[in-house]
Amino acid sequence: MVMPENEVICTGMIDRIGLETSNITFKTASNSYEEILPIQTHKIGLQKVADMLLDAEKGVIKTTSEITAVGHRVVHGGSYFSNTTIITEEVKEKIKELSELAPLHNPAHLVGINVAEEIFSGAKQVAVFDTAFHQTIPVEAYKYAIPNFLLTEHKVRVYGFHGTSHKYVSEKAIGYLEKGSRIITIHLGNGCSMTAVKDGKSIDTTMGFSPANGLVMGTRAGDIDQSVIFYMVKNLGYTPDEVNSILLKQSGMLGLTGYSDLRDIESKAEEGNKDCQLALLMNAYRIRKTIGSYTAALNGLDAIIFTAGIGENSSYMRKLICTDMDYFGIEIDPEKNQIRSKEIREISTANSKTKVLVVPTDEEYEIANQVYQLLEN
């Protein structure tokens with residue numbers, strides 16, 4: 001069951017929250033609004049969004065009572081939540097409890113939920129968990145090779161993230177390919193992850209117990225030998241909290257280049273910055289390695305999907321990733337790769353055995369649809 005109407009009444013985004021300047025966009029059928037100003041916290045940002053929705057000239061509602069439900073993306077649901085859930089005080093406590101596993105995300109989600117409860121007091125607040133799509137991963141893929149009690153008693157396992165996006169784009173790709181398929185979805189943004197999808201179900205994914213591991217990300221290191229952590233604590237004098245902060249907030253592309261935004265990194269790389277050039281190569285190399293391992297897990301490959309901010313917009317990264325991948329039947333068309341579109345598009349050559357698709361993700365639609373399904377049922 002899907003929503004009876006798919007009309008988007010308004011869209012908007014605030015990015016670079018907490019930096020010197022933030023970018024705000026808000027669009028309706030008749031208005032387009034952009035502003036650059038400092039937004040220091042998520043609470044201030046969400047209040048700004050509410051003000052825009054209610055604006056006499058630009059807004060789309062007259063009173064907050066018109067909003068009957070608010071969907072919230074929540075990154076970590078742990079072992080507590082495998083489905084979309086109406087938010088209660090107990091649910092909020094569980095989300096808070098899981099903040100240690102997703103410290104860059106769950107605390108901010110709670111802020112958003114609490115502010116939304118204040119602003120849209122008559123609406124049902126609903127959580128859509130990024131971990132839900134990955135509940136189909138088989139035990140041999142989600143279990144770590146550590147003592148069994150850590151799984152049975154403490155639920156230490158692979159959970160996977162970006163599930164809302166991976167679910168949406170894989171379903172779109174299957175519809176495009178018109179068959180149940182062996183697909184690798186590549187979600188590239190400030191956070192990055194890949195998922196092996198077989199016949200519409202997630203069977204493996206790069207993020208694990210938390211959103212910290214896997215690919216190189218904006219500020220996160222991704223996969224790292226655990227011995228490095230102990231070396232930093234025992235030999236270099238860092239505290240565990242300091243190591244955690246370094247790996248989550250000071251590493252990845254930021255640690256390699258001084259920049260976390262790929263737009264800045266690509267620009268500097270073109271100007272000859274060696275650190276930026278190397279960081280892009282490292283990022284692409286890890287993605288190519290994962291394509292190889294997931295092709296083995298899927299026992300073949302029908303398509304790879306690029307999505308999210310970087311995956312959809314960076315022709316340079318797509319080219320870098322798909323270079324020297326002819327063994328896997330991956331070959332992209334340079335001209336098609338340069339095309340920008342909000343529609344699903346094929347960028348592989350006619351001779352490429354593996355389809356290469358760019359599928360714009362729409363997590364907002366996926367969240368809205370899951371909220372609708374929950375409330376209808």
Side-chain angles (χ1 to χ4, degrees), residues 10-27 33-55 58-61 64 67 69-77 87-89 91-130 161-162 164-165 189-192 210-212 217-220 241-242 244-255 258-264 308-309 363-364 367:
C10 67
T11 62
M13 181 174 69
I14 302 177
D15 63 1
R16 297 176 182 257
I17 290 175
L19 299 183
E20 187 174 341
T21 59
S22 304
N23 303 322
I24 301 174
T25 60
F26 182 78
K27 297 180 182 179
Y33 173 88
E34 293 188 29
E35 188 174 349
I36 298 176
L37 74 167
I39 299 290
Q40 295 303 321
T41 68
H42 292 81
K43 183 174 182 178
I44 294 172
L46 190 54
Q47 184 61 62
K48 185 71 175 178
V49 170
D51 293 342
M52 291 178 180
L53 291 172
L54 291 163
D55 187 273
K58 306 182 183 72
V60 294
I61 59 175
T64 56
I67 304 297
V70 180
H72 298 266
R73 176 201 176 206
V74 179
V75 163
H76 212 313
I87 296 171
T88 63
E89 288 303 313
V91 169
K92 288 198 290 184
E93 280 300 313
K94 294 298 184 185
I95 293 171
K96 182 179 179 180
E97 183 181 324
L98 292 163
S99 290
E100 288 190 13
L101 305 185
L104 300 183
H105 302 89
N106 276 32
H109 298 325
L110 278 174
V111 171
I113 291 167
N114 289 329
V115 176
E117 286 177 335
E118 294 176 18
I119 298 170
F120 306 105
S121 57
K124 289 187 181 297
Q125 308 295 324
V126 180
V128 179
F129 295 94
D130 257 7
F161 303 90
H162 292 147
T164 306
S165 176
N190 190 261
C192 303
S210 79
M217 303 179 228
T219 64
R220 283 168 272 178
D241 284 344
E242 287 172 338
N244 191 52
S245 179
I246 289 171
L247 295 180
L248 292 181
K249 300 179 181 179
Q250 301 170 44
S251 296
M253 301 301 271
L254 177 65
Y259 306 94
S260 63
D261 192 311
L262 192 86
R263 292 168 292 191
D264 297 328
E363 292 176 89
E364 292 84 357
I367 289 169

Between [atom1] of [X] and [atom2] of [Y], what distance do you get to the nearest 0.5 Å?
X      : Y      : atom1 : atom2 : answer
His105 : Ser210 : NE2   : OG    : 10.0 Å
Glu100 : His76  : CD    : NE2   : 11.0 Å
Ile87  : Ile95  : CD1   : CD1   : 5.5 Å
Asn114 : Gln125 : CG    : CD    : 9.5 Å
Lys96  : Leu110 : NZ    : CG    : 8.0 Å
Asn190 : Arg220 : CG    : CZ    : 6.5 Å

Could you check whether any side-chain heavy atom of Glu34 comes within less than 4.5 Å of a side-chain heavy atom of Asn23, counting everything from C-beta outward?
no
What are the two closest non-hydrogen atoms of [X] and [Y], and how far apart are they?
X      : Y      : result
Gly218 : Ser260 : O-CB, 3.7 Å
Thr219 : Leu248 : OG1-O, 2.7 Å
His162 : Cys192 : CE1-N, 3.8 Å
Gly189 : Ala308 : N-CB, 4.4 Å
Ala116 : Val70  : CB-CG1, 4.4 Å
Gly18  : Ser22  : N-OG, 4.3 Å

Output, in order, the C-alpha distance, side-chain angles, deciding distance and verdict of side-chain contact (heavy atoms from CB on, under 4.5 Å) for Leu53 and Ile67.
CA-CA 11 Å; Leu53 291 172; Ile67 304 297; 5.5 Å; no
Test side-chain contact (heavy atoms from CB on, under 4.5 Å) applied to Glu364 - qualifying residues, sequence neighbours left out
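For Glu364, the residues satisfying side-chain contact (heavy atoms from CB on, under 4.5 Å) (neighbours in sequence not counted) are Asp362.
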Please list, chain by chain and in numerical order, all residues satisfying side-chain contact (heavy atoms from CB on, under 4.5 Å) with Lys48, sequence neighbours excluded.
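Listed in chain order: Ile24, Tyr33, Glu35, Met52.
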Can any side-chain N or O of Ser251 pair as donor or acceptor with the backbone N or O of Ile246 at less than 3.5 Å?
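Present.
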Indicate yes or no for a side-chain donor-acceptor contact from His109 to the backbone of Val75 under 3.5 Å, with no hydrogens or angles considered.
yes
Please determine whether side-chain contact (heavy atoms from CB on, under 4.5 Å) holds for the pair Asp51 and Asp55, giving the CA-CA distance in whole Å, both sets of side-chain angles, and the decisive distance to 0.1 Å.
CA-CA 6 Å; Asp51 293 342; Asp55 187 273; over 6 Å; no
Hey, could you give me each pair passing salt bridge (charged side-chain N to carboxylate O under 4.0 Å, His left out) that has a residue in residues 109-120? Not counting sequence neighbours.
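Output for this query lists Lys92-Glu117.
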Asp264: which residues meet the side chain to side chain donor-acceptor pair (under 3.5 Å) condition with it, sequence neighbours left out?
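Side chain to side chain donor-acceptor pair (under 3.5 Å) check on Asp264 returns nothing, list empty.
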Who pairs with Asp130 by side chain to side chain donor-acceptor pair (under 3.5 Å), at least two apart in sequence or on another chain?
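Expected list: Arg73, Thr164.
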Determine whether Leu54 and Ile61 satisfy the following criterion, side-chain contact (heavy atoms from CB on, under 4.5 Å), listing intermediate values before the conclusion.
CA-CA 6 Å; Leu54 291 163; Ile61 59 175; 3.8 Å; yes
More than 12 heavy atoms of other residues, nucleotides or ligands under 6.0 Å from CZ of Phe120: yes or no?
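For Phe120, atom CZ is crowded (more than 12 foreign heavy atoms under 6.0 Å).
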Excluding sequence neighbours, so at least two apart, what forms ring-ring contact (aromatic ring centres under 6.0 Å, His included) with Phe26?
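Listed in chain order: nothing, the list is empty.
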